[in-house]
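The structure appears right after this line, and notes come after that.
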Amino acid sequence: MSSPAWQKSSYSGSSNACVEVRAADGVVELRESDEGDVIVRTTPLKFATFLQGAKAGEFDHLTATP
């Protein structure tokens with residue numbers, strides 16, 4: 001698998017407590033910056049569907065602060 005750079009949200013600032021994402025070999029990979037050995041892989045379509053739900057507030061009830 002190729003190793004493109006991980007990208008973190010600009011909302012994270014200089015914090016290392018964030019979720020990072022990258023696209024590699026036709027899949028989207030996600031990991032927590034402080035747990036770099038645990039990587040979740042999904043398809044671009046499933047990731048896009050998840051992002052649409054997140055943007056629509058579908059998961060807001062899971063957060064401590066909206």
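Please read these numbers as outputs of a predicted model, since none were measured by experiment.
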Residue pair [X] / [Y]: nearest heavy atoms and the distance that separates them:
X   : Y   : value
E29 : A24 : OE1-CB, 4.2 Å
C18 : K8  : SG-CD, 3.4 Å
D60 : T63 : O-OG1, 2.8 Å

Do any side-chain atoms of residues 42-52 form donor-acceptor pairs under 3.5 angstrom with protein atoms, and if so which ones, sequence neighbours left out?
from, atom 1, to, atom 2, distance (Å)
T43, OG1, K46, N, 3.1
T49, OG1, L45, O, 3.0

Worksheet item: Under a single-linkage rule joining Ile, Leu, Val, Met, Phe, Trp and Tyr whose side-chain heavy atoms are separated by less than 4.5 Å, which residues share a cluster with W6?
Response: I39
Worksheet item: Between the side chain of R22 and the main-chain N/O of P4, is any donor-acceptor distance below 3.5 Å?
Response: yes
Worksheet entry | Residues which pass side-chain contact (heavy atoms from CB on, under 4.5 Å) with E58, listed by chain and number, not counting sequence neighbours | none
Discussion item. What's the separation between atom CD in E20 and atom OG in S9, rounded to the nearest 0.5 Å?
Written reply: 11.0 Å
Worksheet item: How far does CG of D37 sit from CD of E32, to the nearest 0.5 angstrom?
Response: 12.0 Å
Discussion item. Using the rule that Ile, Leu, Val, Met, Phe, Trp and Tyr join whenever any side-chain heavy atoms are under 4.5 Å apart, tell me whether F59 and V28 fall into a single cluster.
Written reply: yes
